Amino acid sequence: MPHIDYYFSTLSPYAYLAGAGLEEIAARHGASITYKPLDIMALFARTGGAAPADRHPSRTAYRNQELPRQAKKRGMALTLKPAFWPTNPAPSSYAIIAAQAAGGGDLGALVQSILRACWAEERNIAEDEVIRDCLSRAGFDPALADKGLLSGAETYASNLEQAVAAGVFGAPFYVVDSGQNFWGQDRLEDLDLHLAGKL
């Protein structure tokens, strides 16, 4: 059975635009997923990338055109400049890590709910109330927002180190145990074809 390590940031608009694509592909091919939220700013610093605020104006202008286009293409709501972005991604990431360890809910739905809260619902994903609501909606105990914070922090840091070692440099990033890497929500079709043995 193939396995996918999914590296992402809860601040990433591109991870938001991936929607449920990864989960649908994994279900189609019987693949398992390990969700690995990480500190995207630290990843950029380690792998030669630049934070959005430090990018050339041409790159920013293109991003401001591309994000609405991709959202429209997918029929998804998108706020280009969310009221609470950037915010602290650690609390939502720790909750995802705790939920993955606890089980009992829909992890993909949790990740999508947190991303949607940021990019479509104008909610602050660093706030406990928002995180608890996302946990509850995805079938998890909302109290997970307050549990395992130390182990969550350790896993969050470990995810960054694993990402760098695996050749990850952006988000969303899909690492298949076959050794193939796919960067970006616009490469989900290629991931699907790879798992089908066609690419």
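Keep in mind the model is a prediction, meaning the values are calculated, not measured.
In plain terms, the two heavy atoms of Leu80 and Pro68 that are nearest each other are CD1-CD, 4.1 Å. Considering all non-hydrogen atoms of both residues, Gly21 and Leu188 come closest at CA-CD1, 4.1 Å. Looking at every heavy atom in both residues, Ala145 comes nearest to Arg132 through CB-CG, 3.8 Å. Scanning both residues, Glu23 and Gly108, for their nearest heavy atoms gives OE2-CA, 3.5 Å. Heavy-atom minimum distance, Trp183 versus Pro172: CD1-O, 3.5 Å. The nearest pair of heavy atoms linking Ala31 to Met1 is CA-CG, 4.2 Å.
Under the 4.5 Å side-chain heavy-atom criterion for ILVMFWY residues, a single connected hydrophobic cluster contains both Ile125 and Leu67. Hydrophobic clustering places Leu11 together with Leu22 (ILVMFWY residues linked when any side-chain heavy atoms are closer than 4.5 Å, directly or through intermediates). Hydrophobic clustering (side-chain heavy atoms under 4.5 Å, transitive across Ile, Leu, Val, Met, Phe, Trp, Tyr) groups Leu110 together with Leu144. With hydrophobic clusters built from ILVMFWY side chains whose heavy atoms lie under 4.5 angstrom apart, Tyr14 shares a cluster with Val111. In this structure, Ile114 is not a member of the same hydrophobic cluster as Tyr94, with clusters built from ILVMFWY side-chain heavy atoms closer than 4.5 Å.
Side-chain contact between Thr60 and Pro52: absent, with no pair of heavy atoms (C-beta onward) separated by less than 4.5 Å. For the pair Ser12 and Phe173, the minimum side-chain heavy-atom distance is 4.5 Å or more. Residues Arg116 and Tyr16 are in side-chain contact: their nearest non-hydrogen atoms beyond the backbone lie under 4.5 Å apart. Contact of the Glu121 side chain with the Val130 side chain is not registered, since no non-hydrogen atoms from C-beta on lie closer than 4.5 Å. Counting only heavy atoms from C-beta outward, the side chains of Asp39 and Leu43 never approach each other to under 4.5 Å.
Ion pairing between a basic and an acidic side chain is recognised when a charged N comes within 4.0 Å of a carboxylate O; Glu66 and Lys73 show no such pairing.
We find the CD-CG distance between Gln70 and Leu78 to be 10.5 Å, quoted to the nearest 0.5 Å. To the nearest 0.5 Å, atom CD1 of residue Ile4 and atom NE2 of residue His194 are 9.0 Å apart. Separation of atoms OG1 (Thr155) and NZ (Lys36) is listed at 8.5 Å; rounding is to 0.5 Å. Atom CG of Asn64 and atom NZ of Lys81 lie 6.0 Å apart (nearest 0.5 Å). One distance of note links CZ of Arg187 with CG of Leu199; it measures 10.5 Å at 0.5 Å rounding. Separation of atoms CZ (Phe8) and CG (Asn159) is listed at 8.5 Å; rounding is to 0.5 Å.
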(request) Check step by step if side-chain contact (heavy atoms from CB on, under 4.5 Å) holds for Asp192 and His29. (result) CA-CA 8 Å; Asp192 193 12; His29 299 287; 2.5 Å; yes

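Judged by distance alone, with hydrogens and angles left aside, the side-chain atoms of Asp177 form a donor-acceptor pair with the main-chain N or O of His3 at under 3.5 Å.
Other residues, nucleotides and ligands place more than 12 heavy atoms under 6.0 Å from the CD atom of Glu122. Few gaps surround CZ on Arg55; more than 12 heavy atoms of other groups in view lie less than 6.0 Å from it.
The cationic atom of Arg63 (NZ for Lys, CZ for Arg) lies less than 6.0 Å from the six-membered ring centre of Trp85 and within 45° of the ring axis.
For the residue pair Ser158 / Gln162, a side-chain donor-acceptor distance below 3.5 Å is found, with atom types taken as modelled.
Test Tyr7, Tyr6, Tyr35, Phe182 against Tyr174 for ring pair (Phe, Tyr, Trp, His ring centres under 6.0 Å) and you get one pass: Tyr6.
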